[in-house]
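Before any comments, here is the structure.
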Amino acid sequence: MKTKDKIVHDSLNLFNKNTFEKSTTNLIAKNSEVLEGSLWYHFNSKQDLVSVHTDLFLDSFNRERVHSKKNNSKELILSLFSIYEVLWDYRYLMRDSFELFSIDNPKLYKKIIDINCEIDVWAKEAIIHAKNIRVLIIQNEDIESLVEISLIIGRHWLDYSMKKYPFKSDLYLRKKGINLLIKTLYPYLSGDSKIIMDSIYESD
């Protein structure tokens, strides 16, 4: 892996774990096993790393969201959890506060706000589409609550899970988050969709 790519990858993991604010440039360099001067050679600031992360997130998110518009039940179900994986991989963008960016880097701040708004819009559209093709059997008045609960799990499960299960691996916490989403959606799944879900995922 090239040095620049390694810094991008390792800083993403660090921001996810420690938050953007607490991740110093010294810590980023240490985690990436490079000199701090090498970090500055590739990136002028931590904000530059955030900018790269947002572009990578959007590439992954837009690539996966296409499948959530399909009329195939299995493909739709798979896409919902694929996007959860993307949210998990870039979770600090949904979790951390970037209000200082509004002064220092308003363009990047707006981009992060827009990303979060886009996730909200997508989640509601995906649930409505799942209802329309009868993957979900749900009343209109319950849609908003299901969307909100799903987003809370997708965005904030990490913080809660790290406090409750401090010694568990990232893989364990990621899988447990998926199981929580399954349990949230399961009561609303149609009979056929439950069979599909059961064939793909195993609850803990």
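Hydrogens, waters and symmetry mates play no part in the numbers below; they use all other heavy atoms, side chains included.
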Please determine, by modelled atom types, if Ser193 and Ser190 share a side-chain donor-acceptor pair under 3.5 angstrom.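 Checked: Ser193/Ser190 side chains pair up, N/O donor to acceptor below 3.5 Å.
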
Any luck finding a side-chain donor-acceptor pair between Asp198 and Tyr186 under 3.5 Å?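 The answer is yes; a qualifying pair exists.
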
Worked verdict on Ile137 versus Leu189 for side chain to side chain contact (heavy atoms under 4.5 Å, CB included): CA-CA 6 Å; Ile137 308 300; Leu189 289 173; over 6 Å; no

Is there a continuous path of hydrophobic side-chain contacts, each under 4.5 Å between heavy atoms, that joins [X] to [Y]?
{"X": "Leu39", "Y": "Leu35", "result": "no"}
{"X": "Ile153", "Y": "Met162", "result": "yes"}
{"X": "Ile152", "Y": "Tyr160", "result": "no"}
{"X": "Trp40", "Y": "Phe43", "result": "no"}
{"X": "Ile196", "Y": "Ile133", "result": "yes"}

To the closest 0.5 Å, what do you measure between [atom1] ([X]) and [atom2] ([Y])?
{"X": "Lys168", "Y": "Leu173", "atom1": "NZ", "atom2": "CG", "result": "9.0 Å"}
{"X": "Lys69", "Y": "Leu76", "atom1": "NZ", "atom2": "CG", "result": "12.5 Å"}
{"X": "Asp104", "Y": "Ser45", "atom1": "CG", "atom2": "OG", "result": "9.5 Å"}
{"X": "Ser161", "Y": "His156", "atom1": "OG", "atom2": "NE2", "result": "12.5 Å"}
{"X": "Ile28", "Y": "Ser23", "atom1": "CD1", "atom2": "OG", "result": "6.0 Å"}
{"X": "Trp157", "Y": "Ile178", "atom1": "CH2", "atom2": "CD1", "result": "12.0 Å"}

Taking side chain to side chain donor-acceptor pair (under 3.5 Å) as the test, write out the residues that go with [X], two or more places apart.
{"X": "Arg155", "result": "Asn116, Asp120"}
{"X": "Tyr41", "result": "none"}
{"X": "Lys70", "result": "Glu75"}
{"X": "Asn62", "result": "none"}

I'd like a table of donor-acceptor pairs (distance under 3.5 Å, sequence neighbours excluded) in which one partner is a side-chain atom from residues 90-102, with atom names and distances.
{"residue": "Arg91", "atom": "NH1", "partner": "Trp88", "partner atom": "O", "Å": "2.4"}
{"residue": "Arg91", "atom": "NH2", "partner": "Asp170", "partner atom": "OD1", "Å": "3.3"}
{"residue": "Tyr92", "atom": "OH", "partner": "His53", "partner atom": "ND1", "Å": "2.7"}
{"residue": "Arg95", "atom": "NH1", "partner": "Asn16", "partner atom": "O", "Å": "2.7"}
{"residue": "Arg95", "atom": "NH2", "partner": "Phe15", "partner atom": "O", "Å": "2.8"}
{"residue": "Arg95", "atom": "NH2", "partner": "Asn16", "partner atom": "O", "Å": "3.3"}
{"residue": "Asp96", "atom": "OD2", "partner": "Phe20", "partner atom": "N", "Å": "2.8"}
{"residue": "Ser102", "atom": "OG", "partner": "Glu99", "partner atom": "O", "Å": "2.5"}

Heavy-atom closest pair, residues Trp122 and Ser68: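 Of all heavy-atom pairs spanning Trp122 and Ser68, the closest is NE1-OG, 3.0 Å.
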
Grab the two heavy atoms, one from Leu87 and one from Gly154, that are nearest each other, plus how far apart they are.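 Answer, listing the atom of Leu87 first, then Gly154: CB-O, 4.5 Å.
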
More than 12 heavy atoms from other groups under 6.0 Å of [atom1] on [X]:
{"X": "Gln139", "atom1": "CD", "answer": "no"}
{"X": "Glu118", "atom1": "CD", "answer": "yes"}
{"X": "Asp48", "atom1": "CG", "answer": "yes"}
{"X": "Lys6", "atom1": "NZ", "answer": "yes"}
{"X": "His9", "atom1": "NE2", "answer": "no"}
{"X": "Lys194", "atom1": "NZ", "answer": "yes"}

Walk me through whether Glu64 and Phe81 qualify under side chain to side chain contact (heavy atoms under 4.5 Å, CB included). CA-CA 10 Å; Glu64 294 298 337; Phe81 292 100; over 6 Å; no

Heavy-atom check, side chain of [X] versus side chain of [Y], under 4.5 Å:
{"X": "Leu56", "Y": "Val8", "value": "yes"}
{"X": "Leu58", "Y": "Lys111", "value": "yes"}
{"X": "Ile138", "Y": "Tyr188", "value": "yes"}

Does Thr54 reach the main-chain N or O of Ser51 with its side chain, forming a donor-acceptor pair under 3.5 Å?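 Checking the backbone N and O of Ser51 against the side chain of Thr54, a donor-acceptor pair under 3.5 Å is found.
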
Under 3.5 Å, side chain of Ser32 to main-chain N/O of Ala29, donor-acceptor pair present?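 Checked: no pair found.
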
Give the C-alpha distance, both sets of side-chain angles, the deciding distance and a yes or no for side chain to side chain contact (heavy atoms under 4.5 Å, CB included) between Ile83 and Arg65. CA-CA 7 Å; Ile83 290 181; Arg65 72 182 298 181; 3.9 Å; yes

Cationic N near anionic O, under 4.0 Å, Asp89 to Arg174: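 Yes, Asp89 and Arg174 are salt-bridged.
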
Which salt bridge (Lys or Arg N to Asp or Glu O under 4.0 Å) pairs, counting each pair once, include a residue from residues 28-37, with sequence neighbours left out?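 Checked against salt bridge (Lys or Arg N to Asp or Glu O under 4.0 Å) - neighbours excluded - no pair reaches residues 28-37.
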
So which of Asp55, Leu12, Leu108 actually passes side-chain contact (heavy atoms from CB on, under 4.5 Å) with Val50?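 Answer to the side-chain contact (heavy atoms from CB on, under 4.5 Å) test with Val50 among Asp55, Leu12, Leu108: Leu108.
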
Qualifying residues under salt bridge (Lys or Arg N to Asp or Glu O under 4.0 Å), relative to Lys46, sequence neighbours excluded: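 Applying salt bridge (Lys or Arg N to Asp or Glu O under 4.0 Å) to Lys46 gives none.
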
On the 0 to 90° scale, with breaks at 30° and 60°, tag the Phe57-Phe61 ring pair as parallel, tilted or perpendicular.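 Aromatic pair Phe57/Phe61 classed parallel.
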
With sequence neighbours left out, which residue pairs that include part of residues 127-149 fulfil the ring pair (Phe, Tyr, Trp, His ring centres under 6.0 Å) condition?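 Listed once each, the pairs would be none.
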
By side chain to side chain contact (heavy atoms under 4.5 Å, CB included) - contacts of [X] (at least two apart):
{"X": "Ser150", "value": "Leu146, Leu181, Thr184, Leu185"}
{"X": "Leu27", "value": "Leu14, Asn18, Thr24, Asn31"}
{"X": "Arg63", "value": "Asp59, Ser60"}
{"X": "Glu144", "value": "Lys124, Glu148"}

Show your working on side chain to side chain contact (heavy atoms under 4.5 Å, CB included) between Asn132 and Asn71 and close with a plain yes or no. CA-CA 9 Å; Asn132 289 340; Asn71 292 330; over 6 Å; no

